[in-house]
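Notes for the one structure printed next.
Along the sequence shown, residues carry numbers from 1. Computed from a prediction, not measured in an experiment: that's the story for all the values here.
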Amino acid sequence: MDLRIHIEYDILLFFSGAILGWCMEVLCKLVQFHRFINRGFLLGPYCPIYGFGAVLLTELLLPFSAYPVAVFFLGMLICGALEYLTSYAMEKLFHARWWDYSQRRFNLNGRICAGTLIPFGLLGMSMVYLIQPFLFRQFAKLEADVLTFICVGMLVLFLTDLLISVLTLVKIRSKADAIEGDSTETIT
């Protein structure tokens, strides 16, 4: 696969992961609170952490695909590190927390907890053995021009959303300073 196509597949993988992750988050909160809560920090229906996770898992774990146990533990490590670093960066940038595990056992600064690491390992295995191969087969069915058009269009929409969302969050950052714990709903 040439580099341009590889990058475009990763862009589509990013958006697939980001949109599916957003749907999962919203569905979980709908079941928990019986109402819609936008779990992302962007306006659109995507959570970039899931998109980055999908791409990272695919790029970093595929070389280990012959070793399922390694894929599982590396998936835990990669996703745990991504979740911790994302939580830290967003808190420093926006003075808000989008998730807080401090009430759960075996947490690290409320940013990650043991209870999420096993699902991360399973997610890593799912990405390597099921999701990425399925999605890449679907992406391969697209004509080159269509693939490029979709990628550019989604990137333009995403970057526009990112700019608007960041500018909005910067404006309300001072209000978030007064909130303790998970402040997603208040920010939304």
Side-chain angles (χ1 to χ4, degrees), residues 1-32 36-42 44-87 98-99 101 104 106-108 111-155 157-158 161-162 184:
M1 174 182 324
D2 77 18
L3 183 60
R4 189 189 108 241
I5 292 174
H6 185 85
I7 291 170
E8 288 176 339
Y9 280 22
D10 277 350
I11 290 170
L12 291 181
L13 181 62
F14 169 84
F15 283 107
S16 298
I19 291 168
L20 289 172
W22 181 87
C23 290
M24 181 193 68
E25 289 275 343
V26 168
L27 183 61
C28 288
K29 292 303 173 185
L30 183 64
V31 168
Q32 183 179 5
F36 173 83
I37 298 172
N38 181 5
R39 289 294 296 167
F41 81 101
L42 299 172
Y46 30 70
C47 290
I49 189 171
Y50 288 98
F52 285 117
V55 173
L56 280 173
L57 287 172
T58 297
E59 294 297 331
L60 298 176
L61 295 181
L62 277 177
F64 299 96
S65 63
Y67 310 99
V69 174
V71 169
F72 177 80
F73 285 107
L74 288 170
M76 288 173 54
L77 179 68
I78 291 165
C79 290
L82 176 63
E83 185 174 42
Y84 189 92
L85 293 172
T86 300
S87 172
W98 270 260
W99 60 89
Y101 300 125
R104 295 190 185 178
F106 309 115
N107 74 81
L108 182 59
R111 299 181 194 290
I112 60 172
C113 71
T116 61
L117 294 178
I118 290 173
F120 287 160
L122 295 172
L123 179 63
M125 293 181 78
S126 297
M127 280 303 300
V128 169
Y129 301 117
L130 301 172
I131 299 168
Q132 184 268 358
F134 171 77
L135 288 177
F136 277 32
R137 281 194 305 272
Q138 303 315 305
F139 301 161
K141 295 176 183 177
L142 298 171
E143 302 223 5
D145 293 343
V146 172
L147 181 65
T148 301
F149 178 79
I150 291 170
C151 289
V152 170
M154 292 188 82
L155 282 171
L157 285 172
F158 177 77
D161 187 343
L162 182 65
T184 306

Could you list the donor-acceptor pairs under 3.5 angstrom formed between side-chain atoms of residues 53-64 and any protein atom two or more places apart in sequence or on another chain?
residue	atom	partner	partner atom	Å
T58	OG1	A54	O	2.9
E59	OE1	H6	NE2	3.4
E59	OE2	H6	NE2	2.8

For this session: Determine, for R4 against E8, whether the closest basic-nitrogen to carboxylate-oxygen distance falls under 4.0 angstrom.
Result: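 Salt bridge flag = yes for E8 with R4.
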Is it true that atom [atom1] of [X] has more than 12 heavy atoms of other residues, nucleotides or ligands lying nearer than 6.0 Å?
| X | atom1 | answer |
| --- | --- | --- |
| Y84 | OH | yes |
| Q32 | CD | yes |
| D145 | CG | no |

For this session: Determine, stepwise, if the pair V71 / Y129 fulfils side chain to side chain contact (heavy atoms under 4.5 Å, CB included).
Result: CA-CA 10 Å; V71 169; Y129 301 117; 3.5 Å; yes
Does [X] reach the main-chain N or O of [Y] with its side chain, forming a donor-acceptor pair under 3.5 Å?
| X | Y | value |
| --- | --- | --- |
| Y9 | L135 | no |
| Y101 | F106 | no |
| T116 | C113 | yes |

Separation between [atom1] of [X] and [atom2] of [Y], rounded to the nearest 0.5 Å:
| X | Y | atom1 | atom2 | value |
| --- | --- | --- | --- | --- |
| S126 | F134 | OG | CZ | 14.0 Å |
| L123 | L117 | CG | CG | 12.0 Å |
| L13 | Q132 | CG | CD | 7.0 Å |
| F73 | I78 | CZ | CD1 | 13.5 Å |
| L20 | C47 | CG | SG | 11.0 Å |
| L122 | C79 | CG | SG | 10.5 Å |

For this session: Output, in order, the C-alpha distance, side-chain angles, deciding distance and verdict of side chain to side chain contact (heavy atoms under 4.5 Å, CB included) for I49 and W99.
Result: CA-CA 12 Å; I49 189 171; W99 60 89; 3.8 Å; yes
Problem set entry | Heavy-atom side-chain proximity of L77 to F120 below 4.5 angstrom |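 Not touching, per the 4.5 Å side-chain cut-off.
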For this session: Please report the closest heavy-atom contact between F139 and L12, naming both atoms and the distance.
Result: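 What the structure gives for the nearest pair is CZ-CB, 3.5 Å.
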Exercise. Considering all heavy atoms of both residues, which atom of W22 and which atom of Y50 are nearest to each other, and what is their separation?
Worked result: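 Taking every non-hydrogen atom into account, N-CD1, 4.5 Å.
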Problem set entry | Test log, rule side chain to side chain contact (heavy atoms under 4.5 Å, CB included), inputs Y46 and D161 | CA-CA 10 Å; Y46 30 70; D161 187 343; 2.7 Å; yes
